[in-house]
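Report on the following structure.
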Amino acid sequence: MTVPSRNTAGARAPRVSLLGSLAALVVLLAMAAPAGAATHELWIAAVPVNWDIVPNGHDAIMNTPVDQERRHLRTVVYREYTRGFGRALHPGPPPQDRGIVGPLIRGRVGDRFVVHFLNKDTLFKRPHSMHFHGVHYAFGSDGSFIPGFSGPGASVMPGRRFTYRFTAGADSKGVWPYHDHSPSMDTSIQGGLYGALSIAGRGERRPDHEFVVFLGAMGGFETIDGRAFVGNTPVFHARLGQTVQWDVLNLGDEFHTFHVHGHRWQRADGTSEDTRTIGPAESFAVRWKEDRRGTWLYHCHVESHMMMGMIGIYRVTA
Amino acid sequence: MIHVRRSLAVVALLGALGDPAAARAAAPHDMPPAPATSNATMMVPAEAAVVVGMKGKIFAPGTSDVLVGEPVTWVNDDGTAHDVATFADGFDSGRMEAGARFSQTFPEQGTYQYHCTLHRFMFGSVRVFGLALGAAARSAGPGQPATLSGRAPAGVEAVTIERLGAGGAWEAVGGAVPGADRAFSAQVATTGPSAFRARSGELLSPVVRVAARPIVHVSATRRGASIAVAVSTDPAQPGARVALQHYVRERFTFVTVARGTLTRASHATFSLGSRHYERVRAVITQGVRGYGSATSTAVGVPTGAHGHHHH
């Protein structure tokens, strides 16, 4: 389906007649983002990959090999493209600290988002969609399939496109998941078709590092960003004095407890913790200023999950 | 991963077994089934029962290997109805509700494609063999025997292992007696790259190739801020592809940092820029003259004079 193209300022070309121009100006002012807010336009496609859950081939901590056959998963993931879906923004293997997760969509309270979605699932030929938590949108951009009620954005067939539009309200500050909510949702989520939205406050200072930690069962393993066991799960890096933010999300059927060694953070009531429970579709961000060198484990503290791969390392250097 | 070919294969069969609701007599088709692949590896079914599940609207495993006369059983362990059908005239389980089972036996060797008519993206295949044969390792070092294992249908009392000789003739090099579970195994000598098959009367297994592994020698010497690495092999492997790897602690594995090709004299040299302590090794990723891949032992190289970084 064709979508009127917009530049990043979001302005529509004014009509020719004076009355038309005035009318357009009024419309423009009514629709314009508040002063200081931005409009983000993105092109994201669902693409098939042959995903390797355990690239280093073993559980290094327990010194046990992982069977070649179990490691790979043919699945569909979100990947970012250049304007108009010209080409993949990051072709080739994803960076070590991103894994299977879709592009991190960042913005601030008050920003508008225009996300063009293209279903390139030539592997399973399933419908897909995008459903965003935490932000404000009209029903047409909900992206979840309800027969008789939902529109074309809820079940986008292979080869087709849809444009989702949403805004970050004052209550959208924080970290949220986005994921498939089409009829293929169940299999898609088990295969990593999800990503994170990170909305900062208007004047909020961004951290030096933002680590996205998506917890989920995948292919018989317990994974972080679609990877299992140390060295395969994201290896995060920071230096003393830098601020780090952990965006922790969970999709699937399980509860997890996120824990980091050598550090602790504050709850809303000011008390400290170093482990937090997270259920399906929950998300949170914790932040600290780095003060301790070392190679620190971060993992789900549900023992069996940790043993099945939900563990990684975080390296802090001077 | 086993690559599934999409050729249209047709089934000649004697009738469905198992779920009575799905039982259906089928007429033999006049097209022969697709020939069994001749370069199959690791085809030995782990157990006599071959079961295919459907959870998440995916046939798993996608490819099943079975012997002539032994059944494949499909189990609907998904939450929605499915079926199992071939593209042309052939077997058809009929509608299978959640929990239903369907079995099919194949009297002839070949590859059979099937799919679910309710979900067009669900597909799989069955490979049927007279004898199954596989090798535990796809390559053997110099002088090392190869361990072959396989399965035979009921009634086969002994199996001969044959090796393809230099003149193109198959020569018997060993034998095995199938156990109660019909599995058999044999150790056979390798003389460089070898091709084996199992025979029992007219029943033949596909050919199993066992590559030979060369020995890879590596030496590494620090030269100031870099490390000179020399690679050679025994026997010579001119033109083989070689990768230089170093151990990356935070990945808990060796990572390739450079690639090259062995010269006519079967040598390669690399220069690795690094002041740190390094453990390096060389991997022949693709051998020549029928030889397979091989990895050298790892060698440690101390830090350079100016750097004390422990990375």
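Note that the structure is predicted; figures quoted are calculated from it, not measured. Heavy-atom basis, side chains included; hydrogens, waters and symmetry copies ignored. Every chain is numbered from 1 and lettered A, B, ... according to where its sequence line falls, protein lines coming before strand lines.
The part of A:R126 that comes within reach of chain B is its side chain, from C-beta onward, which places non-hydrogen atoms under 4.5 angstrom from that chain. For a residue to count as touching a neighbouring chain, one of its non-hydrogen atoms must lie under 4.5 Å from one of that chain's; by this rule A:V235 touches chain B with the side chain only.
Checking B:V231, B:V299, B:V257 one by one against B:V280, the side chain to side chain contact (heavy atoms under 4.5 Å, CB included) holds for a single residue, B:V299.
Checked against the 6.0 Å centroid criterion, the rings of A:F117 and A:F162 do not qualify as a close aromatic pair. Taking the six-membered ring for Trp and the full ring otherwise, the centers of B:F123 and B:F59 sit at least 6.0 Å from each other. The aromatic ring centres of A:H301 and A:H299 sit less than 6.0 Å apart.
The candidate with the highest count of non-hydrogen atom pairs below 4.5 Å against chain B, out of A:V230, A:T233, A:T187, is A:V230.
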